[in-house]
**Student:** 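Before we start, here is the structure in question, set down as structure tokens.
Quick caveat: nothing in here was measured; it's all calculated off a predicted structure. For the single chain, residues carry numbers from 1 onward in sequence order.
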Amino acid sequence: EYLNSLSLLKDSTVFLADTDHSLLISSQSNTELPQYIVDKISSDADLKTFSTSDYLVSYNTLANGWKLIVETPYSSLTEQLDAALPIIAILFICIMLLACILGYFYANSFSKPIIGLMSLMSKAEQGDLTITAPIKGRDEISELCRRNHKSSLRCTEKYSGYAKPI
């Protein structure tokens, strides 16, 4: 009853074997210790944990020479990780979407003023020197707008004397 009260991972088994490797108690309905366990604990006295293709097996020798053995399936060890993988995938997708959205707005904050300045400069090419670009902030684009405005003012001052009287 004590072995059954132990908190183990799903489908794990606890064995208690005597010095002759005979099964004394099992948390499952086993009547014998599995042969692969007997072979390992007989040959490797220093090795306290070993694995097979399906199980991780840990054991310890008690003071009286008996062996307390725990056999745990790999599927039980990774069960919680398997449950977390979809959550991690969804979180990754959300972060990627957020990065794309932020990147879009960040790129627009650079491109819109440049496109607006290009539009104003094309009007200036047509001869409209009264245009002014809105100056917002202290970044490179604002500096371009400021210089474009000064350039338009100088051109207007220079060419104002060439106006033909009507």
**Student:** Taking all atoms of both residues into account, what is the closest heavy-atom pair of S51 and Y74, and its distance?
**Tutor:**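 Heavy atoms only, the tightest pair is CB-OH, 2.5 Å.
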**Student:** Clusters formed by hydrophobic residues whose side-chain heavy atoms approach within less than 4.5 Å: which one holds I93, and what are its other members?
**Tutor:**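 Cluster partners of I93: L97.
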**Student:** Go through the structure and list residues passing salt bridge (charged side-chain N to carboxylate O under 4.0 Å, His left out) with E32, not counting sequence neighbours.
**Tutor:**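 Applying salt bridge (charged side-chain N to carboxylate O under 4.0 Å, His left out) to E32 gives none.
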**Student:** My understanding is that only residues two or more places apart in sequence, or in another chain, count here; which of them pass ring pair (Phe, Tyr, Trp, His ring centres under 6.0 Å) with Y104?
**Tutor:**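 Ring pair (Phe, Tyr, Trp, His ring centres under 6.0 Å) list for Y104, sorted by chain: empty.
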**Student:** If you measure from CD1 on I114 to SG on C145, what distance do you get to the nearest 0.5 Å?
**Tutor:**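 If we round to the nearest 0.5 Å, I114:CD1 and C145:SG are 9.0 Å apart.
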**Student:** Under the side-chain hydrogen bond (donor to acceptor under 3.5 Å, both in side chains) test, which residues partner N60, sequence neighbours left out?
**Tutor:**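 N60 satisfies side-chain hydrogen bond (donor to acceptor under 3.5 Å, both in side chains) with no other residue.
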**Student:** Would you find more than 12 non-hydrogen atoms of other residues, nucleotides or ligands less than 6.0 Å from Q35 atom CD?
**Tutor:**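 For Q35, atom CD is crowded (more than 12 foreign heavy atoms under 6.0 Å).
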**Student:** Looking at L33 and L23, what are the two nearest heavy atoms and their distance?
**Tutor:**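 Answer, listing the atom of L33 first, then L23: N-CB, 3.9 Å.
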**Student:** Can you list, by chain and residue number, the hydrophobic cluster partners of L98 when the side-chain cut-off is 4.5 Å?
**Tutor:**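 When side chains under 4.5 Å apart are linked, the cluster holding L98 also contains L102.
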**Student:** Linking Ile, Leu, Val, Met, Phe, Trp and Tyr by side-chain heavy atoms under 4.5 Å, what else ends up with L144?
**Tutor:**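 Via sub-4.5 Å side-chain contacts, L144 links to L117, M121.
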**Student:** If I take atom CG from residue L56 and atom OG from residue S12, how far apart are they, to the nearest 0.5 angstrom?
**Tutor:**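 Atom-to-atom, L56:CG and S12:OG are 9.0 Å apart.
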**Student:** Provide the closest heavy-atom pair for A17 versus I69 in the form atom of the first, atom of the second, distance.
**Tutor:**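 Smallest heavy-atom distance, with atoms named: CB-CD1, 4.4 Å.
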**Student:** Does the plane of the ring in Y36 sit parallel, tilted or perpendicular to the ring in F50? Use 30° and 60° as the thresholds.
**Tutor:**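 Answer is perpendicular, since the angle exceeds 60°.
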**Student:** Quick one: closest heavy-atom pair of D18 and W66, and the distance?
**Tutor:**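 Looking at all heavy atoms of both residues, the closest pair is CA-CD1, 3.4 Å.
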**Student:** Sequence neighbours excluded, which residues qualify as side-chain hydrogen bond (donor to acceptor under 3.5 Å, both in side chains) partners of S142?
**Tutor:**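 Partners of S142 by the side-chain hydrogen bond (donor to acceptor under 3.5 Å, both in side chains) criterion, ordered by chain and then number, come out as D139.
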**Student:** Grab the two heavy atoms, one from Y55 and one from E71, that are nearest each other, plus how far apart they are.
**Tutor:**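 So the two residues come closest at CD2-CG, 3.4 Å.
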**Student:** Is any side-chain heavy atom of I41 less than 4.5 Å from a side-chain heavy atom of H21?
**Tutor:**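 A side-chain contact under 4.5 Å exists here.
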**Student:** Keeping the roles fixed (side chain from T78, backbone from L81), state whether a donor-acceptor pair exists under 3.5 Å.
**Tutor:**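 Between the backbone of L81 and the side chain of T78 there is no qualifying donor-acceptor contact (under 3.5 Å).
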**Student:** Would you please name every residue forming a side-chain hydrogen bond (donor to acceptor under 3.5 Å, both in side chains) with S151, sequence neighbours left out?
**Tutor:**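 Here no residue qualifies.
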**Student:** State the CD1-NZ distance between I37 and K40, to the nearest 0.5 angstrom.
**Tutor:**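 It is 11.5 Å, given to the nearest 0.5 Å.
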**Student:** To the closest 0.5 Å, what do you measure between CG (D82) and CG (L77)?
**Tutor:**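 Rounded to the nearest 0.5 Å, the CG-CG separation comes out at 10.5 Å.
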**Student:** Among Ile, Leu, Val, Met, Phe, Trp and Tyr joined by side-chain contacts under 4.5 Å, find the other residues sharing a cluster with I88 and list them by chain and number.
**Tutor:**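 ILVMFWY cluster around I88 holds nothing else.
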**Student:** Just by modelled atom types, is the S22 backbone N or O under 3.5 Å from a matching donor or acceptor in the D20 side chain?
**Tutor:**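 Flag not set: sc D20 to bb S22 has no pair under 3.5 Å.
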**Student:** If the condition is side-chain hydrogen bond (donor to acceptor under 3.5 Å, both in side chains), which residues does E125 pass it with, not counting sequence neighbours?
**Tutor:**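 For E125, no residue satisfies side-chain hydrogen bond (donor to acceptor under 3.5 Å, both in side chains) once neighbours in sequence are set aside.
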**Student:** Could I get the full list of side chain to side chain contact (heavy atoms under 4.5 Å, CB included) partners for S58, not counting sequence neighbours?
**Tutor:**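 For S58, the residues satisfying side chain to side chain contact (heavy atoms under 4.5 Å, CB included) (neighbours in sequence not counted) are T49.
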**Student:** Can you pull out every salt bridge (Lys or Arg N to Asp or Glu O under 4.0 Å) where at least one residue sits in residues 141-152? Sequence neighbours excluded, please.
**Tutor:**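 Sorted result for residues 141-152: E143-R146, E143-R147.
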**Student:** To check you understand the geometry: which heavy-atom pair defines the closest contact between P34 and F15, and what is its length?
**Tutor:**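 Scanning both residues, the minimum pair turns out to be CD-CZ, 3.8 Å.
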